Amino acid sequence: MKYIPEPFKIKMVEPIRITTEQERREKIAAAHYNGFSLRAEDVYIDMQTDSGTGAMSDSQWAAMLRGDESYSGGRSYYELLETAQEIFGYEWIQPVHQGRAAEKVLFPVMIEKPGQYVIANTFFDTTRAHVTLAGGHPIDCVCPEGLDSEHEAPFKGNMDLPSLERVIAEKGVENVAGIVMTITNNSVGGQPVSMENMAATSAIAARHKIPLVIDAARFAENAFFIKEREAGYADKSTQEITHEFFGYADIFTMSAKKDAITNMGGLLGVREEGEHVPDVKSLVIAGEGYVTYGGLAGRDLAALAVGLREGLNEDYLRYRVGQARYLGERLDEYGIPYQKPAGGHAVFVDAGRMLPHIPWYQYPGHALSVELYIEAGVRSCDIGSYLMDRDPETGKQQQAPLEFTRLAIPRRVYTQAHLDVIAEALGEIKQRADQVKGYEITWEPKVLRHFTSKLRPAELRPVD
Ligand code: F0G
């Protein structure tokens, strides 16, 4: 059977405005060619992120009505606690308002001495920022195939084990505060990590007594890829796979805005309550709120408890990763290059290959993103050199290993027909690819520049 069954029907619709190309040209110019500065109502299909943009189910909405808003010890907290303990097998589960809040309370406690290193398969931007803010140095060690968009491999998100061992030896075990495994590996294209790679990373961490943390935003999509692609897992449930995977780590941080299909929320989990937990709890109370609500309303906790289970449902996950795969297959028809195979939550178009005449410092990934908005009102984002901040010491621009335009797919929101529009629009752009211009920044902040920078179309010139 080639078609992918969509395991839901639509009960409520939200109208979206159809704009003209002329309108879109004006809107993006007025937004200084930065998609974050557009009003969402001027966007037709919003592929900017899959974070907090999913459609909740009728069960989640029903659970929200039953949310217990007690300040401490609420029923919704205990329902979430029991659900998460069962799914992940961890003793202590702390709700927080979103993923970066978990990172913010964990890394200052984990990094005991300034200058310590934290090593990841690849850090997400906020995780990298919180390691740095806590005085640590983040280092990425992704496997080489993760950086070759044409090379098809089942687990391109894996940790590169020889590099991990080398970095630990070079820096000295006492200078490594932790290891982070991001599942799926967002920055290299939503690519999964295998159970085998997780087990091997865990063995290295255990041998050196270094804590192993899972950045678990897309844990369910990762489990489904293991079921589909790794020998010995076809007959295991995504729940069993998740339990086994989390058993290899000590701690997890999670943005619940992705696989737990809530609009807001996050979790921090600790497998065995140890010496550091009281310090983390103090930071939670100071920054997020009392430990049984963690910056969320009782109704958010209730929706999250239901969403964790729905996110692991295998009919849903087959449809979910099937959508990204379908979009990838449509792009193949038009000869559009992308990180292959398609990821779990997104398709990362290889703008560096599609627009080879635009140098990295005029941001091919961003240029394609602007062009796609003008062509069809589709919002996407750059995951390339525009996303990278300048080197804090030299002030020079930094080149990303790949220039991607990310098409992130919100959960249960868009239909196959919407995906067809995106593929056709990219096909049109390909016809006139050599006329697409690069961009230059006219104003930028010191950090996290891609959110607020102002840009304009650029003539070819050397890098600054
Ligand atoms: N970790 C990963 C792997 C993420 O992708 C994100 C967010 C976070 C942590 C932070 O979680 O947003 O709840 O604070 N990723 C979004 C994205 C924003 O568009 O990829 P948060």
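Start at 1 and go down the list; that is how both ligands and their atoms are numbered. Since we're looking at a predicted model, the values are computed, not measured.
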N/O to N/O below 3.5 Å, does that happen between N186 and ligand 1?
yes

Please tell me whether D420 and Y326 have a donor and an acceptor in their side chains that are separated by less than 3.5 angstrom.
yes

Kindly state whether the ring of Y439 and the ring of Y363 have centres lying under 6.0 angstrom apart.
no

Could you check R406, K156, E150 and say which one makes a side chain to side chain donor-acceptor pair (under 3.5 Å) with Q339?
K156

Run through F252, F88, F225 and flag the one making a ring pair (Phe, Tyr, Trp, His ring centres under 6.0 Å) with F219.
F88

May I ask whether Q48 has any heavy atom positioned less than 4.0 angstrom from an atom of ligand 1?
no

Which residue and atom name correspond to the protein heavy atom nearest atom 8 (C) of ligand 1, and how close is it?
F124 CD2, 3.4 Å

Does the residue K258 have a heavy-atom contact with ligand 1, meaning some pair of atoms that are separated by less than 4.0 Å?
yes

Which heavy atom of the protein is the closest neighbour of atom 11 (O) of ligand 1, given with residue, atom name and distance?
S255 CB, 3.2 Å

Which atoms of ligand 1 have any heavy atom of D215 under 4.0 Å away?
1 (N), 2 (C), 3 (C), 9 (C)

Can you classify the ring geometry of Y117 versus H137 as parallel (below 30°), tilted (30 to 60°) or perpendicular (above 60°)?
tilted

Could you check whether the rings of Y319 and Y316 sit parallel, tilted or perpendicular, using 30° and 60° as the cut-offs?
tilted

Compute the minimum heavy-atom distance from H345 to ligand 1 and say whether it is under 4.0 Å.
no

What I want to find out is whether K227 reaches E314 closely enough, with some N-O distance under 4.0 Å, to be called a salt bridge.
yes

Between K257 and ligand 1, find which residue part has any heavy-atom pair under 4.0 Å and reply side chain, backbone, both or neither.
side chain

Could an N or O of ligand 1 be found under 3.5 Å from any N or O of G99, whether backbone or side chain?
yes

Just to confirm my output: which protein heavy-atom neighbour is closest to atom 14 (O) of ligand 1, and how far is it?
R100 NE, 2.6 Å

Between H97, R128, Q98, flag the one that comes closest to atom 21 (P) of ligand 1 by a heavy atom.
Q98

Proximal candidate to atom 9 (C) of ligand 1 [heavy atom criterion; set K104, E103, M264]:
E103

So, E288 versus H97: side-chain donor-acceptor pair below 3.5 Å or not?
yes

